[in-house]
Amino acid sequence: MNAAILENPYDTEENAIPEVGTQRLLAAAAGDLRSHQALLGPIPWVGSADRLIRLLEECGLTGRGGAGFPSARKLAAVAAGKRAVVVANGAEGEPLSSKDRTLLTGAPHLVLDGLQMVAEATGAAEAYAYVPQDLCASITAALVERRGWDRVHVSVVAAPEAFISGEETAAASRLSGGPAVPRDKSRMVVTAGVRGRPTLVHNVETLAHLALAARRGPGWFRQAGTGDEPGTFLATVSGAVANPGVYEFGYGVALDEVLAAAGGPTTSLQAVLIGGYHGAWVPMASQAPGPPVSRAGLRAYDASPGAGVIAALPSATCGLAQTSRIVTYLAEQSAGQCGPCLNGLPRLAEVFDQLVGTPGRPAPAAAIEEVRRLAGLVEGRGACHHPDGTVRLVRSALQTFSQDVLAHRAGSCLAKAGR
């Protein structure tokens with residue numbers, strides 16, 4: 001990219017964005033506007049949609065909300081329409097994730113910079129911050145600080161506390177005055193979103209990355225991550241680690257490095273859940289470093305970094321029992337607007353629980369085949385992708401904990417037997 005496009009008087013050695021290793025977003029945290037301006041300078045207005053699209057293409061920035069869709073393509077689709085709407089999506093419905101909350105509380109102005117930039121590029125006159133109820137007041141206060149600095153007014157809307165409320169069609173529905181539930185996936189938000197208008201819904205982390213990349217350019221952005229998956233991501237590391245929390249890594253980081261950054265495992269691990277409740281289990285060998293945390297590195301496990309959830313499962317905890325609890329939760333969190341969610345997921349949760357069984361009593365031999373049958377019936381038939389994500393977790397558990405399934409059928413449990 002032509003450096004002139006990103007020319008910024010604040011991008012100097014004296015005003016450089018601080019970094020510690022791959023710490024970018026976390027190093028740029030500044031809760032108030034004065035500190036944010038002192039650290040990063042003003043909004044790096046790029047101008048036209050073409051310029052911002054080019055920047056995003058050269059950076060290779062993908063969405064950090066879970067799907068990993070190319071940000072440039074989303075922006076281009078919305079910019080091609082008329083009367084666009086832009087949304088900063090901070091509705092973190094995933095129970096194991098707190099990265100969006102960390103950004104919204106620690107670096108709200110970085111997120112809002114990114115929102116203003118995409119509003120300018122798409123010609124949007126309407127922008128929203130879609131955030132949890134308890135963060136509405138602080139985001140509103142940040143917007144008050146920015147009066148006279150922003151070009152587009154931003155409305156703050158509370159996102160319900162539900163797993164599905166952050167899905168982009170659910171966000172569009174809520175912002176249109178309806179319930180925060182996913183709608184028919186055949187209607188794309190980029191062409192018919194909020195009140196039927198072209199809508200750009202970006203996760204707050206995506207917007208924060210955009211705001212930094214516009215200040216420093218594609219070369220800087222690509223210094224972290226891999227050639228195919230550039231940049232850093234925020235990971236919420238939890239479970240059996242010494243220091244659970246939100247950390248920042250470049251894509252391609254080894255899984256053991258992620259765990260080490262969180263203080264290391266507190267006990268032996270049998271698996272790590274990557275990508276959250278719609279993610280997959282990755283088995284942990286005692287001497288192996290673990291796979292690279294990237295879409296390419298996790299493909300063999302049908303996993304991806306998703307929204308950056310990494311939860312360590314101790315060897316002494318039953319993976320089937322943990323999965324059963326998650327699947328039951330997901331069945332309860334569905335929109336209940338199609339057969340796979342209304343009937344399929346509750347039945348899948350019920351039969352999966354039969355695999356766990358009760359102590360000392362063999363699990364039904366037919367349960368595993370029934371789980372597989374139900375998974376096949378549910379997958380690909382939902383009005384949204386909630387059933388598909390649940391099936392991904394179920395299939396991952398059957399593969400990762402296959403020996404546990406055999407043990408439970410014999411009336412025992414490998415975790416309780418010390419594996």
Side-chain angles (χ1 to χ4, degrees), residues 95-96 237-242 244 255-256 258-259 262 264-291 298 300-303 309-333 344-379 387 389-419:
L96 293 179
V237 188
S238 64
V241 292
L255 183 54
D256 67 334
V258 173
L259 299 175
T266 55
T267 185
S268 64
L269 304 180
Q270 60 171 310
V272 174
L273 180 62
I274 298 183
Y277 283 8
H278 276 174
W281 294 102
V282 174
M284 292 294 291
S286 58
Q287 302 300 319
L298 296 169
Y301 304 95
D302 192 25
V309 169
I310 298 177
L313 180 71
S315 297
T317 300
C318 179
L320 290 178
Q322 289 298 310
T323 302
S324 179
R325 293 188 185 99
I326 296 172
V327 174
T328 297
Y329 167 84
L330 292 175
E332 294 169 348
Q333 288 290 306
L345 292 188
R347 178 58 179 160
L348 182 60
E350 179 185 353
V351 178
F352 196 96
D353 188 58
Q354 293 176 12
L355 287 179
V356 180
T358 56
R361 182 179 299 174
I368 187 169
E369 291 306 322
E370 181 64 3
V371 166
R372 289 176 175 147
R373 187 186 74 85
L374 290 168
L377 289 175
V378 165
E379 188 177 32
T390 306
V391 167
R392 180 183 302 109
L393 179 69
V394 165
R395 287 183 171 150
S396 171
L398 294 182
Q399 180 175 343
T400 302
F401 308 120
S402 59
Q403 295 303 308
D404 299 74
V405 172
L406 295 177
H408 280 242
R409 285 179 58 181
S412 63
C413 177
L414 294 182
K416 294 176 181 177
R419 306 194 75 83

Smallest separation among heavy atoms of [X] and [Y], with atom names:
X: A240; Y: T267; value: CB-CG2, 4.1 Å
X: P364; Y: Q354; value: CD-O, 3.4 Å
X: C318; Y: A415; value: N-CB, 3.6 Å
X: P291; Y: L298; value: CG-CD2, 3.8 Å
X: A242; Y: T266; value: N-CG2, 3.5 Å
X: A312; Y: L259; value: CB-CD2, 4.4 Å

[X] side chain to [Y] main-chain N or O, any donor-acceptor pair under 3.5 Å?
X: Q270; Y: T317; value: yes
X: S238; Y: A311; value: no
X: S412; Y: A407; value: yes
X: T328; Y: S324; value: yes

Subject >> Any residue meeting side chain to side chain donor-acceptor pair (under 3.5 Å) with R409, in chain and number order, not counting sequence neighbours >> reply: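 Partners of R409 under the side chain to side chain donor-acceptor pair (under 3.5 Å) test: none.
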Original post:
Residues in side chain to side chain donor-acceptor pair (under 3.5 Å) with S268, at least two apart?
Top reply: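 Listed in chain order: S315.
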Find out whether [X] and [Y] are in side-chain contact, i.e. whether some heavy atom of one side chain is under 4.5 Å from a heavy atom of the other.
X: P283; Y: T400; answer: yes
X: I368; Y: V351; answer: no
X: V237; Y: V258; answer: yes
X: H278; Y: T390; answer: yes
X: F352; Y: L374; answer: no
X: I310; Y: L273; answer: no
X: V241; Y: P244; answer: yes
X: P95; Y: Y277; answer: yes

In Å and rounded to the nearest 0.5 Å, what is the [atom1] to [atom2] distance from [X] to [Y]?
X: L320; Y: L355; atom1: CG; atom2: CG; value: 6.5 Å
X: Q333; Y: L345; atom1: CD; atom2: CG; value: 11.5 Å
X: H408; Y: F401; atom1: NE2; atom2: CZ; value: 10.0 Å

**OP:** Kindly determine whether L393 and T323 satisfy side chain to side chain contact (heavy atoms under 4.5 Å, CB included), including the steps that lead there.
**Re:** CA-CA 8 Å; L393 179 69; T323 302; 4.2 Å; yes
Original post:
Given I274 and V309, is the side chain to side chain contact (heavy atoms under 4.5 Å, CB included) satisfied, shown in steps?
Top reply: CA-CA 6 Å; I274 298 183; V309 169; over 6 Å; no
**OP:** Kindly indicate, with the supporting measurements, whether the criterion salt bridge (Lys or Arg N to Asp or Glu O under 4.0 Å) is fulfilled by E379 and R395.
**Re:** CA-CA 11 Å; E379 188 177 32; R395 287 183 171 150; 2.5 Å; yes
Subject >> D353, V371, L330 screened by side-chain contact (heavy atoms from CB on, under 4.5 Å) with L348, the one that passes >> reply: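 So, applying the side-chain contact (heavy atoms from CB on, under 4.5 Å) to L348 and each of D353, V371, L330, only V371 qualifies.
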